[in-house]
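Structure first, commentary second.
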Amino acid sequence: ELTGEDVLAISDVTPDAKDPTWQQGRLKAIIDRRYRELRGTWVTMNALSADDADAKLSAPVFDRLREGAELFRCFWPSHREGVEGGRRQQAVNG
């Protein structure tokens with residue numbers, strides 16, 4: 001069902017550490033089929049760089065995702081660290 005939609009959006013696409021091999025295989029199968037059928041796939045993930053994304057997703061998956069794609073690189077410090085740290089400080093200071 002994930003391969004038949006015209007556009008598929010996946011958030012935090014990197015495989016979970018609990019069972020990365022199975023998840024990596026499923027992700028590769030989905031992305032490969034969508035790639036061959038010329039279906040749009042939008043992906044968000046946390047990566048430090050393109051090399052980091054390649055390592056997390058595998059070269060075949062990352063190559064298929066970025067071919068003909070528009071990559072929006074958003075490399076900045078973690079939002080959670082700043083917000084949570086600020087919230088903790090506000091809670092302490094009242």
(message) Let me check something: do Tyr35 and Val13 share a hydrophobic cluster, defined by ILVMFWY side-chain heavy atoms less than 4.5 Å apart, either directly or through other members?
(response) no
(request) Spell out, as yes or no, whether a donor-acceptor pair under 3.5 Å connects the side chain of Lys56 to the backbone of Asn46. (result) yes
If we only count heavy atoms from C-beta on, is the [X] to [Y] side-chain gap below 4.5 Å?
X: Glu5; Y: Arg39; value: no
X: Val61; Y: Arg66; value: no
X: Met45; Y: Leu57; value: yes

(request) Would you mind listing the cluster partners of Val7? Hydrophobic ones only (ILVMFWY), side-chain contacts under 4.5 Å, chaining allowed. (result) Trp42
(request) For Arg64, enumerate each residue passing the salt bridge (Lys or Arg N to Asp or Glu O under 4.0 Å) test, keeping only those at least two apart in sequence or located in another chain. (result) Asp32
(request) For a side-chain contact (heavy atoms from CB on, under 4.5 Å) with Leu65, tell me which candidate from Ile10, Leu27, Val43 qualifies. (result) Val43
(request) Quick one: list whatever passes side chain to side chain contact (heavy atoms under 4.5 Å, CB included) with Thr3, sequence neighbours left out. (result) Ile30, Arg33, Arg34
(message) Let me confirm one number: the CG-CZ distance from Asp52 to Phe62, rounded to the nearest 0.5 Å.
(response) 9.5 Å
(message) Just verifying a value: how many Å separate Gln24 CD and Ser58 OG, rounded to the nearest 0.5 Å?
(response) 4.5 Å
